[in-house]
Protein chains: 2
Amino acid sequence: MASLPVLNQPPHQSGALLDHLARRVRTRSETVLAPLGLRTRHLVTLTVLRDHGSSTQQALAATLGIDSTNLVGLLNDLEADHLIERRRSPQDRRRHVVDLTDAGVKKLAKAEFALAAVEDEVLAALTFEQREQLYSLLQQATAATDVVACAGSEDEPMPPPMRS
Amino acid sequence: MASLPVLNQPPHQSGALLDHLARRVRTRSETVLAPLGLRTRHLVTLTVLRDHGSSTQQALAATLGIDSTNLVGLLNDLEADHLIERRRSPQDRRRHVVDLTDAGVKKLAKAEFALAAVEDEVLAALTFEQREQLYSLLQQATAATDVVACAGSEDEPMPPPMRS
DNA sequence: TATTGTTATACTCTATAACTATA
DNA sequence: TATAGTTATAGAGTATAACAATA
């Protein structure tokens, strides 16, 4: 057993709690999103596209942590509703650059408005300041590990695909 | 459109980020847990049992947010490895009271030790203090919405099953 | 009759492999 | 030859329904 310096507190593990709480949110969100014709994964995809800007499908799949083959159907759904657009990259015509449409931005805002109640319920124990704190921490943690979006670097050779 | 007081900041949504980050953790955790013969869901189950104490299967399923039929197989796995025990409740012989064994406690600690590296990676952008802050917020949020464990109230009529 | 846990099974989701087109 | 995206499909995961034991 490695002896830790006394100054270091016992390393609390957030992993299980994250999974636990995320499941709570997901379950309740599905109910709220259903009338809007969205699933949680659609919302997450739209959110990532808004926060990181346009992206190729590969980069997007890596960032979302889903298989790129599954992203195809997911984007098909969103494209059928005109919430995203796929454009062929002029630099490399194999690539699709995925982008939010205006309708997508609006739909996302509408969904988030509807989801406020869910957050209120799941994060009921937290004060307003604590919720902002949580958001800030999550934002900071995810932004750092997300595959860099490729808005301005479409001609560059994509970062290593992040094997896990 | 409900007009919010100016003092209230725009309500940032943590839901999508939670899902996003949790997926990150889950993917990486699977790799680390595999040698221990555990899946993420086993770990979450053990964690909840430790943090909340013994519970009936129904309450546990509700807390975990999984279908009670699926919990059966999950507990079978853990019981086969002697990490948990199922005892019939003397008060109501229909009920199984689920409990961590000593081996379960040890295994959980071992798993958490192994998972430290994953957390280090996924939460790399956060300082030690921020990680503790995150843990604290998650703990507070989950504890409040968790179905109350039933250590001392096995004869009471269980809280409403939390329809979602 | 209602509830706890279990089993059986259908449904959904995810991942592996093969294909097309571009490079 | 290698890569981006797509399709087809098998394996894993999840939920619905019926059953046994107990209340």
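What's counted below: heavy atoms across the whole structure, side chains too, no hydrogens, waters or symmetry copies. All chains are named by letter (A, B, ...) in the order of the sequence lines, taking the proteins before the strands, and each is independently numbered beginning at 1. Please read all numbers here as calculations on a predicted model, not as lab measurements.
Side-chain contact annotation: A:S68 with A:Q58, donor-acceptor N/O pair under 3.5 Å absent. Judged purely by distance below 3.5 Å, without hydrogens or angles, the side chains of B:Q57 and B:R86 pair a donor atom with an acceptor atom. When only modelled atom types and interatomic distance are considered, B:D146 and A:H20 share a side-chain donor-acceptor pair under 3.5 Å.
Distance NE2/B:H52 to OG1/B:T142: 6.0 Å, rounded to 0.5 Å.
For the pair B:N76 CG and C:dT6 P, the interatomic distance rounds to 7 Å; values are reported in whole Å. Between A:Q58 atom CD and C:dT22 atom C1' the separation is 14 Å, expressed in whole Å. For the pair B:R26 CZ and D:dG13 P, the computed distance is 12 Å after rounding to whole Å. Rounded to a whole Å, the CG atom of A:L74 is 17 Å from the P atom of C:dT12. The interatomic distance linking A:L75 (CG) with D:dT7 (P) rounds to 12 Å, in whole Å. Rounding to whole angstrom units, CG of residue A:L60 and C1' of D:dG5 are separated by 13 Å. Atom-to-atom, CG of B:L64 to P of C:dG5 comes out at 13 Å; the value is rounded to the nearest Å. The interatomic distance linking B:E79 (CD) with C:dT6 (C1') rounds to 13 Å, in whole Å.
The pair A:R41-A:D77 fails the salt-bridge criterion, with no side-chain N (NZ, NE, NH1 or NH2) lying under 4.0 Å from an Asp/Glu carboxylate O. With respect to the salt-bridge test (charged N to carboxylate O, under 4.0 angstrom), the residues B:E119 and B:R131 do not qualify.
Screening B:V48, B:L108, B:V32 for a side chain to side chain contact (heavy atoms under 4.5 Å, CB included) with B:L43, the sole residue that qualifies is B:L108.
Each of A:H96 and A:R23 lies near DNA chain D, and the nucleotide nearest A:H96 is the one positioned closer to the 5' end.
The two residues B:A62 and A:R24 have their closest heavy-atom pair at O-NH2, 3.9 Å. Across B:A141 and A:L123, no two heavy atoms sit closer than the pair CB-CD2, 4.1 Å.
Near DNA chain C, meaning a heavy atom under 4.0 Å away, the residues from residues 37-44 of chain A are A:R39, A:R41.
Contact check, B:Q57 against C:dT4: no side-chain N or O comes under 4.0 Å of OP1 or OP2.
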- Query: What string of B, S and - do you get for nucleotides 16-23 of chain D, 5' to 3', if B is base contact, S is sugar-phosphate-only contact and - is no contact with any protein heavy atom under 4.0 Å?
  - Reply: BB---BBS

- Task: Determine, stepwise, if the pair B:D99 / B:I84 fulfils side-chain contact (heavy atoms from CB on, under 4.5 Å).
- Result: CA-CA 5 Å; B:D99 236 325; B:I84 60 121; over 6 Å; no

- Query: Is there a salt bridge (Lys or Arg N to Asp or Glu O under 4.0 Å) between A:R50 and A:E112 once you walk through the steps?
  - Reply: CA-CA 13 Å; A:R50 182 190 55 192; A:E112 287 182 329; 3.0 Å; yes

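Note on the helix from C:dT1-D:dA23 to C:dA23-D:dT1: angle between the axes of the first and last five pairs equals 0°, rounded to 10 degrees.
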